[in-house]
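Quick note: residue numbers are just sequence positions, from 1.
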Amino acid sequence: MIKYAAFLRGINVGGHHIVKMEDLRGIFASMNFENVKTYIQSGNVIFETAETNADALAEKIERELEKSFGFEIKTMPRTLAGLAEIAARNPFKDAEAGAQVYISFLSAAPDAELKDAVVSLSNDFEAFRFRDREMYYLRRPDNPAKDLFSNNFIEKRLKLAATTRNVTTVNKILLLK
């Protein structure tokens, strides 16, 4: 069995697309996933399955969630082993005190030109880096301007679905093994 974390996009945000974690656990269990757990209300599901194809897994989960809730919920699954590697490869892990680091989980690897265009937006207060199907975002303290970063901004720029978690959340999910 392979352990996965599925990151769901756009649930329980601003009072929209409300999904109870108890219901989410039940749906994942009904798909014959084992040892299903959720972490906080933003749509983080940890589970085990024999499925090795993450794209096929995402499609299966998305179909079942739409059938159950009546709206589309993009899902970005990562193996826990892969998630540990994603956390370890964080290019901003030595960021100064007060800085915030986020990881955006992308539905596919971004186009090189689009990725380069986002990286070129880095400045003294915000920085963007990519590795595979993840984008790392650093927000330095005392940013005087409106942040460039938002999930919608990333999706429009990269033409991909994305969902974002702060590094603290990612590290806590890794502890739930």
Side-chain angles (χ1 to χ4, degrees), residues 2-21 23-25 27-28 33 35-48 54-55 57-58 61-62 65 69 71-95 97-110 115 118-119 121-122 125-141 143 147-158 160-177:
I2 301 168
K3 290 185 179 187
Y4 282 90
F7 298 98
L8 296 114
R9 185 201 185 287
I11 66 166
N12 300 336
V13 178
H16 302 286
H17 294 143
I18 302 301
V19 174
K20 292 181 180 177
M21 294 302 102
D23 295 341
L24 199 54
R25 286 189 298 274
I27 291 166
F28 272 67
F33 298 147
N35 300 314
V36 178
K37 301 175 193 170
T38 56
Y39 177 70
I40 64 176
Q41 299 295 313
S42 58
N44 308 298
V45 185
I46 299 92
F47 61 97
E48 295 179 28
D55 292 333
L57 188 58
I61 294 167
E62 288 170 1
L65 293 177
F69 295 113
F71 53 87
E72 181 182 54
I73 302 173
K74 295 301 284 178
T75 304
M76 278 52 94
R78 301 295 190 266
T79 66
L80 283 191
L83 189 60
E85 187 176 317
I86 290 163
R89 295 183 337 185
N90 172 5
F92 303 122
K93 61 180 138 190
D94 296 324
Q100 298 169 321
V101 179
Y102 298 88
I103 302 172
S104 293
F105 298 94
L106 309 174
S107 58
K115 181 172 67 170
V118 170
V119 170
L121 297 172
S122 296
F125 296 99
E126 296 179 293
F128 304 91
R129 299 289 182 273
F130 289 86
R131 294 221 168 109
D132 302 323
R133 295 181 302 147
E134 284 74 39
M135 185 197 78
Y136 299 84
Y137 167 68
L138 169 69
R139 184 187 190 284
R140 292 187 174 93
N143 186 346
D147 292 341
L148 288 174
F149 179 79
S150 74
N151 208 69
N152 289 334
F153 167 83
I154 294 307
E155 289 183 328
K156 287 178 184 175
R157 293 287 179 140
L158 297 176
L160 294 170
T163 190
T164 301
R165 302 296 185 271
N166 66 43
V167 169
T168 302
T169 296
V170 171
N171 288 330
K172 286 186 179 177
I173 289 170
L174 287 168
L175 295 175
L176 294 175
K177 295 179 183 184

In terms of heavy-atom contacts, K74 and A161 come closest through CE-CB, 3.8 Å
Would you give the length of the straight line joining atom CD of E134 to atom CZ of R129, rounded to the nearest 0.5 angstrom?
16.0 Å
Contact between R9 and E155 at the side-chain level, heavy atoms closer than 4.5 Å - yes or no?
yes
If you take all heavy atoms of L176 and Y39, which pair is closest and at what distance?
CD1-CB, 3.7 Å
For A84 and L174, which heavy atoms make the closest approach, and how far apart are they?
N-CD2, 3.6 Å
For K93, does the NZ atom have more than 12 heavy-atom neighbours from other residues, nucleotides or ligands under 6.0 Å away?
yes
Residue pair F7 / N44: nearest heavy atoms and the distance that separates them:
CD2-OD1, 3.3 Å
Using side chain to side chain contact (heavy atoms under 4.5 Å, CB included), reason through I173 and R165 one step at a time and then give a plain yes or no.
CA-CA 11 Å; I173 289 170; R165 302 296 185 271; 5.7 Å; no
If you count heavy atoms of other groups shown closer than 6.0 angstrom to CZ of R157, is the number above 12?
no
From R89 CZ over to I103 CD1, what is the distance, rounded to the nearest 0.5 angstrom?
10.0 Å
Of all the heavy-atom pairs spanning A127 and S122, show the shortest one and how long it is.
CA-OG, 3.4 Å
Measure the spacing between CG of L158 and CE of M135 and express it to the nearest 0.5 Å.
7.0 Å
Distance check, rounded to the nearest 0.5 Å: F125 atom CZ versus R139 atom CZ?
9.5 Å
R25 CZ to K20 NZ distance, which is reported to the nearest 0.5 Å:
12.0 Å
Using the ring-ring contact (aromatic ring centres under 6.0 Å, His included) criterion, which residues pair with F92? Sequence neighbours excluded.
none
Run the side chain to side chain contact (heavy atoms under 4.5 Å, CB included) check on N35 and I46 step by step: do they pass?
CA-CA 8 Å; N35 300 314; I46 299 92; over 6 Å; no
Test D23 against F69 for side chain to side chain contact (heavy atoms under 4.5 Å, CB included), laying out the working first.
CA-CA 10 Å; D23 295 341; F69 295 113; 4.3 Å; yes
Measure the CD1-CZ distance between I2 and F47 for me, rounded to the nearest 0.5 Å.
10.0 Å
T163 vs L8 side-chain heavy atoms within contact, under 4.5 Å:
no
Audit row: V170, N90, side chain to side chain contact (heavy atoms under 4.5 Å, CB included) steps and yes/no
CA-CA 11 Å; V170 171; N90 172 5; over 6 Å; no
Is the shortest heavy-atom distance from the side chain of I154 to the side chain of Y102 under 4.5 Å?
no
Evaluate the side-chain proximity of Y137 to V118: yes if any heavy-atom separation is below 4.5 Å, no if none is.
no
Please tell me whether N166 and T169 have a donor and an acceptor in their side chains that are separated by less than 3.5 angstrom.
yes
Closest heavy-atom pair and its distance - R78, L106:
NH2-O, 2.8 Å
Does I61 reach the side chain of Y4, with side-chain heavy atoms less than 4.5 Å apart?
no
Quick one, V167 and Y136 - any side-chain contact, counting heavy atoms below 4.5 Å?
no
